[in-house]
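When a residue number appears, it is its place in the shown sequence, counting from 1.
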Amino acid sequence: MKLTKLYLSENQQWFPKLQASQLLLPFYDSHAQGRKELALGAKKGESYLVKNAGQRFFIQVEVASGICTVKNLLATDLFSQQKIVVWLEQAARALFAKEIRLDFSKSQGTFWSENLLAAGFQQNGQVFTKKITVKWGLAFGGGGSHGAYQIGVWQALRELELPIAVVSGTSVGALNGALFAQGDFEAAKELWQDLATAGVLQFPAAAEKTETLQALIAQIASLTSHALVHQGVSTAPLQKILKGLVSHEKMAAKQVDFSFVTTRLRGLKETVITYQETTQEEWLQWLLASASFFPAMAAQKIKGEAYIDGGYRNNLPVDLLYEKEVTDCLAVDVKGPGITKIVTKPAAVNQLALHSPWSLGSFLLFSPERSQDNLQLGYLETLKTFGRLQGYWYSFTLTSNFEEDWRKFYEKWQNWLGKENILPIDEMLKKLRKFYRKAVVWENCGLVFYELIGKLLAIDPTVVYNESEFKAALSRREAGAVHSELSLSEWLQKYYRENSPLAEEKQIFWAYQQLQEQGTAWCNELLTVYKLFPVQMMLAGFLLEINQTEEG
């Protein structure tokens, strides 16, 4: 089920469909009144378009203190009463509510007392309530050193008090999943905060620092050559660490259903492992097998068979959660190499996908400093996923509001450029979405522009900001930690940003200098550049406005 909030700026897309819809429940005395109230609800952020298994309907809800009060429900097609009740509960789960409330007090019509009572609702006059039952599943994907991100996710889930019933994992996700099943959060956090390459892999240059591109290439060459000669680098250091963490007693007494994926080398066959009598003796070997990224790492021999990384067949094993009949699940993808198995999600299951927009570094090389940042990103981005913070690239308190600044800037921008030259808003938003890499609507343009300026100035993404704190960070150019150990792709991106005239940062700073020199006296050259690169020019203008405001 997907809930898409309705915004007034996009009403040309959804309003005609709303006008053709009818009430499915008697929240109001007429369809016209229901449509009017749902459109008004869009102003308050209460109205959604819901898509589920190819079917659509409109819903208006208010969520407060864990209670989801359904105020309105309209659709273009009629559905059975049983299906409607199921969908309402699923929508309430998607909004993280613990109780659903149907309020028919604004209608004089009849309502379905018998059907709602049969579905487990309690009646109090024209109000029906029901506690929501949720069975949460958690899938940890493979990704080597990116696994620190998953510990940050775990930290947030503890803070949210989210009851996880089923856990699945692949590769590093299997190792973290085992610690999750044991309930060893502090041990897992301490492990990742101290973990370095030499503590995981055994090859000649494992302990060397990779603070330059040449040093990184030398270490990769050492790992590669050693792996080729010895049929995979030994994971003996990691095995030694895990031996002190894996507990048969805790695993036997676990309250969480846990399973993970490895791959039998012969035939590349996916193999699912759970903790039971037949796997106790080789339990640590099975876990290591799931994380053995062959041929870089040595395969694990178990009962005469060689087993390797589970990512070769199923790098994000959400299907193991579906088999346990979860109602909701969180899939944590840390973007490691591997195959994302194609599976069909049951229509009744709500699934949240969690992955960072930021680079998490090399997946084969481990750094305590990088792990700490990745852990913090996992923590903050989970809180954002569950609505405790806002933002995409950065993390802001829910009370932060950047839209007034944006409105003032846009008005000035129109005056500077001339309204006849301004790009139509729909076209501007379309280009901005590609730049931002996430949905953008007129109502959140201020947040989007501030975040993009933050990226441009390399502001630290591992901090929670309020509005004034982020503005202060921009004015002081408070960049995040400059990682000394970058991945190969990060080195290439760094080189491109610093040397290519086509790099977006170069374009924006060039435009910034031109606007600073020209002021409001736009020349034909700048107008031509604006038509070619409108987002870059507007970001330059917005940065200029921020700086002038701070100076004033």
Fill in: salt bridge (charged side-chain N to carboxylate O under 4.0 Å, His left out) partners of E525, counting only residues at least two apart
none
Discussion item. Side chains of F470 and S400, heavy atoms from C-beta outward: is any pair under 4.5 Å?
Written reply: no
Fill in: Aromatic ring proximity F449/F402, centre distance under 6.0 Å
no
Fill in: Side chains of L447 and F396 in contact at under 4.5 Å (non-hydrogen atoms)
yes
Worksheet, complete the sentence: In short, salt bridge (Lys or Arg N to Asp or Glu O under 4.0 Å) pairs touching residues 388-412 with sequence neighbours left out are E403-R407, E404-K408, D405-K471, K412-E545
Response to the item:
So salt bridge (Lys or Arg N to Asp or Glu O under 4.0 Å) across residues 41-68, not counting sequence neighbours, yields E46-K71, E62-K71
Worksheet item: Between Y450 and E467, does any side-chain donor sit less than 3.5 Å from a side-chain acceptor?
Response: no
Report, one line per pair, each donor and acceptor closer than 3.5 Å where one atom sits in a side chain of residues 83-90; sequence neighbours left out.
residue: E89; atom: OE1; partner: K130; partner atom: NZ; Å: 3.3
residue: E89; atom: OE2; partner: K130; partner atom: NZ; Å: 2.7
residue: Q90; atom: NE2; partner: A347; partner atom: O; Å: 2.9
residue: Q90; atom: NE2; partner: A348; partner atom: O; Å: 3.4
residue: Q90; atom: NE2; partner: N350; partner atom: OD1; Å: 3.0

Discussion item. Between Q126 and S105, is there a side-chain donor-acceptor contact under 3.5 Å, judged purely by atom types and distance?
Written reply: no
Fill in: Beyond-backbone contact of V61 with L95, side-chain heavy atoms, under 4.5 angstrom
yes
Worksheet item: How about F386 and W136: are their ring centroids closer than 6.0 Å?
Response: yes
Worksheet item: In terms of side-chain heavy atoms, does T382 have a donor or acceptor partner in T385 at a distance below 3.5 Å?
Response: no
Fill in: Distance-only polar pair, side chains of E451 and Y436, donor-acceptor under 3.5 Å
yes
Worksheet, complete the sentence: Those residues at least two apart in sequence (or on a different chain) that pass salt bridge (charged side-chain N to carboxylate O under 4.0 Å, His left out) with K335 are D333
Discussion item. Once salt bridge (charged side-chain N to carboxylate O under 4.0 Å, His left out) is applied, do any residues pair with E505, and if so which ones, sequence neighbours excluded?
Written reply: none
Worksheet item: For the ring pair W510 and F533, is the centre-to-centre distance below 6.0 Å?
Response: no
Worksheet item: Would you say the side-chain atoms of N176 and W192 include a donor-acceptor pair closer than 3.5 Å?
Response: yes
Worksheet item: Are N547 and Y512 linked by a side-chain donor-acceptor pair shorter than 3.5 Å?
Response: yes
Worksheet item: When the aromatic ring centroids of W154 and Y149 are compared, is their separation below 6.0 Å?
Response: no
Fill in: Check: E381/Y392 side-chain N/O donor and acceptor closer than 3.5 Å
no
Fill in: Those residues that, when tested against Q122, pass side-chain hydrogen bond (donor to acceptor under 3.5 Å, both in side chains) (two or more places apart)
none
Response to the item:
For E443, the salt bridge (charged side-chain N to carboxylate O under 4.0 Å, His left out) test, sequence neighbours excluded, returns none
Practice prompt. Tell me, please, which residues at least two apart from Q33 pass side-chain hydrogen bond (donor to acceptor under 3.5 Å, both in side chains).
Written response: E37
Response to the item:
Contacts satisfying salt bridge (Lys or Arg N to Asp or Glu O under 4.0 Å) that involve residues 425-441 (not counting sequence neighbours) are E10-R433
Side-chain donor-acceptor pairs of residues 161-169 under 3.5 Å, sequence neighbours excluded:
residue: S168; atom: OG; partner: P317; partner atom: O; Å: 2.9

Worksheet item: Side-chain contact, heavy-atom cut-off 4.5 Å: F58 with Y48?
Response: no
Practice prompt. With sequence neighbours left out, write down each residue that passes side chain to side chain contact (heavy atoms under 4.5 Å, CB included) with V127, or none if nothing qualifies.
Written response: R101, D103, T129
Worksheet item: Is V349 close to C329 at the side-chain level, that is, under 4.5 Å between some pair of heavy atoms?
Response: yes
Discussion item. For W406 and W413: C-alpha separation, side-chain torsions, deciding distance, then whether ring pair (Phe, Tyr, Trp, His ring centres under 6.0 Å) applies.
Written reply: CA-CA 10 Å; W406 158 254; W413 184 255; 9.3 Å; no
